[in-house]
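Computed from heavy atoms alone, side chains included, the values below leave out hydrogens, waters and symmetry copies. Throughout, a chain's letter reflects where its sequence line sits, starting with A, and its residues are numbered from 1. These numbers were taken from a predicted model, which means no experiment stands behind them.
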Protein chains: 2
Amino acid sequence: MPTLADVGKVAGVSRGTVSNVFNHPELVRSDVRERVEAAARQLGYDGPDPRGRVLRDGKFNAIGLMPPGAYAIADMMRSPYLRELVLGVSLACDEAGVTLSLVNGMDESRTSTIRDALVDGFILGHSVDIDLVGSARRRRLPFVILESAGQDINSIRIDGRSGALIAVRHLTDLGHRNFAILSVRRTAGPPIVHMPGSRKHAITAGFALDYERLEGFATGLAEAQLSIDDVPIIETIPGDPTAGAVVFDRAPDATAILTMSDWQAISVLDEAVRRGISVPEHVSVVGFDGTAASARTTPPLTTVAHDIVGKGRLAAEMVLANASPKQIVMPVELVVRDSTAQPRG
Amino acid sequence: MPTLADVGKVAGVSRGTVSNVFNHPELVRSDVRERVEAAARQLGYDGPDPRGRVLRDGKFNAIGLMPPGAYAIADMMRSPYLRELVLGVSLACDEAGVTLSLVNGMDESRTSTIRDALVDGFILGHSVDIDLVGSARRRRLPFVILESAGQDINSIRIDGRSGALIAVRHLTDLGHRNFAILSVRRTAGPPIVHMPGSRKHAITAGFALDYERLEGFATGLAEAQLSIDDVPIIETIPGDPTAGAVVFDRAPDATAILTMSDWQAISVLDEAVRRGISVPEHVSVVGFDGTAASARTTPPLTTVAHDIVGKGRLAAEMVLANASPKQIVMPVELVVRDSTAQPRG
DNA sequence: GCGTCTTTTTGGAGCGTTCCAAGTTTTTTC
DNA sequence: GAAAAAACTTGGAACGCTCCAAAAAGACGC
């Protein structure tokens, strides 16, 4: 493969001039420029090799996005939530003319991914086991971590506690007394069921966000003289298609199902159709996230919404701006649609 | 920032040995390894800088995906079709441990994107105006182009002609005689309406796929003694939310609407709801692509389906394998659901 | 202990570019 | 037509790494 220097030799000019022909043509006299271009054509040289540029400039013009938890990059296309997050990130990347690299990071390999990715900054979804923040720090690149707090680092998270609280209040106001909670399992594996009595207070390890939401649920239930300890809690990975079935099997008496993502709520809705259970007549369902998908289900989903696209965009902008660390908490809001109603008689 | 050489100096060993500690630790005696690791810790050196590695190895361990037509990378999250395509690509990337770079390419900048992207190969969605193939060739990297033919290059396309044909046959078999066609506009801009009589034979520039499909429609109509020249043809960009409205406004007598993507068909379905037109009682609608979304609409969409995820996966595998050029044509199949029925009396 | 074989370590070469201060040529001005 | 100013070109330095052939060190057998 010809290089800048080869072209220069043929055209009888220096490397620097050839470089200028491609990058700053206005600095080169036109006859020289033409000679260089002719030489380049003759050698089949099509402009500076990005590899050399990267070393010299030290920049990749790309940011990396790593999915949270046990997700692979393919899951970012499947999850309604992640899809909107990626949309927001890509909007900012489009504007900044920067490439978006979807970097994989299943568990152990996450840290090596961080070490080796060809990016100028990261957006990290949080992981349970791994010291992502430490790895990211060591790489000395700007980064934002989502749904996780931390001093002196960029983070964006939602107010999960309030979100959970308003969801429960909405349902208790409607008169519900029998709940089930569909919580998130953050590691790969089958659903975990915690029935009342048969469990410790603490639930399987999750993200900070998950504990917060559980707390919010507990507070809301307590306000209605109910205890979360009497509520079945089922944990599934977000895309688990069996989530709905497990809920109906293990909590048949619930009149209200609280979930931690729209994706899970959709699974519940699908299973309800399969079993001839009608929503909201027999059972009320509340989603979480407020994805576009939640507005298009049958019935449209009541959900705890936040601006996912805006979150993704903001995350990308923070990475790109590389300013001093900020911790941002995004507000949530209950969007009431048709999947919740008073319990029957 | 410390470098390999700095670490070597502190540990009293050569650069090569430090490199081995990080990349081939089994080649280094353990006491030396520990000394090097200590030196690295002391200097805050966290492993070889990927910039140097890229220059030396000449590989990026990434493939680039460029969206077709006037799409930006954000649109890949919006379009049901592209979303599945990206899913397929990312599945193959996950398996190969390769990063997926979403590279932008609005029109003129596409070729420079190809020149500069930090990837080992490309998957290109076709573009109308630009000589993508030429640029990709010059970069001398393996690439696949989608929905576009070409000698001596990798390409994957669907059999659009047959797809269009079976869609029309399905509708004429049901007894439909009044059609409208919702075609694709491949450049940015508002809908273009071609009414019978007021148009030339040729339609606005599109992809090869679009012409093929128009041909297939024409053939199918001719089989039923109908002429495509009597059919209103409306061209919209795929995500245009007004597509449905334009169709109903300009082709109010149609009992059957042929589209070129599920996304457009969904827009028609939405507009039908808004106007109180019921599908399939008042009007039949056929989608194209066979996305997962098409199975979840109300009513579920009859559509010309192909294996989009498989296509994306295959494209990535071809790029990764870098074998001799293949031209692949994928079969299509009519999936009959509930959006088509006999026309009313 | 000495030669032989094996395991480790070394340091030069090269990957292709861009920057920049210094040098050279061309143009302008009087 | 010479001096000054402007325009253009040059080539060394640096970016940080990995490979590899050769050198050095260590292990082993007798």
Side-chain angles (χ1 to χ4, degrees), chain A residues 1-40 43-61 112 115-120 138-141, chain B residues 1-40 43-61 112 115-120 138-141:
Chain A
M1 292 262 17
T3 72
L4 268 188
D6 299 329
V7 174
K9 207 170 297 166
V10 170
V13 298
S14 72
R15 286 186 335 281
T17 299
V18 181
S19 175
N20 281 337
V21 167
F22 285 95
N23 297 310
H24 308 284
E26 72 285 0
L27 296 180
V28 181
R29 210 165 2 111
S30 60
D31 60 318
V32 177
R33 188 164 65 235
E34 275 155 31
R35 212 164 72 233
V36 170
E37 281 163 351
L43 292 174
Y45 181 82
D46 187 50
D49 187 321
R51 300 202 304 271
R53 173 134 60 200
V54 157
L55 178 57
R56 168 68 218 200
D57 289 358
K59 285 197 334 172
F60 296 104
N61 285 314
S112 68
R115 228 185 46 195
D116 295 336
L118 308 180
V119 300
D120 303 320
R138 279 195 288 280
R139 182 74 193 269
R140 275 175 255 235
L141 249 28
Chain B
M1 294 264 14
T3 71
L4 268 189
D6 300 330
V7 175
K9 208 170 297 165
V10 170
V13 298
S14 71
R15 284 185 337 280
T17 298
V18 181
S19 174
N20 281 337
V21 168
F22 285 97
N23 298 309
H24 307 284
E26 73 284 0
L27 296 179
V28 181
R29 205 161 12 106
S30 59
D31 60 317
V32 177
R33 187 163 67 235
E34 275 155 30
R35 212 164 71 234
V36 170
E37 281 162 352
L43 292 173
Y45 182 82
D46 187 50
D49 187 321
R51 301 203 303 273
R53 174 139 52 203
V54 157
L55 178 57
R56 168 69 217 201
D57 289 356
K59 285 198 334 169
F60 296 104
N61 285 314
S112 68
R115 229 186 45 195
D116 295 336
L118 308 180
V119 300
D120 303 320
R138 278 195 289 279
R139 182 74 193 270
R140 273 175 256 233
L141 249 29

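For A:Arg51, no side-chain nitrogen or oxygen approaches OP1 or OP2 of C:dC15 to under 4.0 Å. Taking only side-chain nitrogens and oxygens, B:Ser14 never comes nearer than 4.0 Å to OP1 or OP2 of C:dG11.
Rounded to a whole Å, the CG atom of B:Leu118 is 14 Å from the C1' atom of C:dG16. Regarding A:Asp57, its CG atom lies at a distance of 16 Å from the C1' atom of C:dC15, rounded to whole Å. The NZ-C1' distance, from A:Lys59 to D:dG16, rounds to 19 Å in whole Å. Atom NZ of A:Lys9 and atom P of C:dG16 are 12 Å apart (whole Å). Rounded to whole Å, the distance from CZ on B:Arg115 to C1' on C:dG16 is 14 Å. Atom pair B:Leu4:CG and C:dC15:C1' shows a separation of 15 Å (rounding to whole Å applied).
Positionally, the nearest nucleotide of DNA chain C for B:Asn20 lies more toward the 5' end than for the other of A:Asp49 and B:Asn20.
Considering only side-chain atoms of A:Arg53, the nucleotide from C:dT10, C:dT18, D:dT10 that sits closest is C:dT18. The B:Leu55 side chain lies nearest to C:dG16 when the options are D:dC17, C:dG16, D:dA13.
A:Asn20 and A:Arg15 form no side-chain donor-acceptor contact under 3.5 Å, judged by distance and modelled atom types alone.
Side-chain to base pairing of B:Arg15 with C:dT10: no donor and acceptor N or O lie closer than 3.5 Å to each other. Taking only distance into account, the side chain of A:Arg56 meets the base of C:dT18 through a donor-acceptor pair shorter than 3.5 Å.
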B:Asn61 and B:Arg53: CA distance, side-chain angles, deciding distance, side-chain hydrogen bond (donor to acceptor under 3.5 Å, both in side chains) verdict: CA-CA 11 Å; B:Asn61 285 314; B:Arg53 174 139 52 203; over 6 Å; no
Worked verdict on B:Phe22 versus B:Tyr45 for ring-ring contact (aromatic ring centres under 6.0 Å, His included): CA-CA 11 Å; B:Phe22 285 97; B:Tyr45 182 82; 5.6 Å; yes
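Residue contacts shown for A:Phe22 are absent, as no nucleic acid heavy atom lies under 4.0 Å away. Counting non-hydrogen atoms under 4.0 angstrom, B:Thr17 reaches a base of the nucleic acid.
Contact annotation: the side chain of B:Lys9 never approaches that of B:Pro2 to less than 4.5 Å [non-hydrogen atoms, C-beta and beyond]. Counting heavy atoms from C-beta on, the side chains of A:Val28 and A:Val36 never come closer than 4.5 Å.
Judged by distance alone, the side chain of A:Asp57 and the main-chain N or O of A:Lys59 form no donor-acceptor pair under 3.5 Å.
Salt-bridge check for B:Asp46 with A:Arg140: failed, with every basic side-chain N at 4.0 Å or more from each acidic carboxylate O.
Using a 4.0 Å cutoff on non-hydrogen atoms, the parts of residues 23-33 of chain B near DNA chain D are B:Asn23, B:His24, ordered by number.
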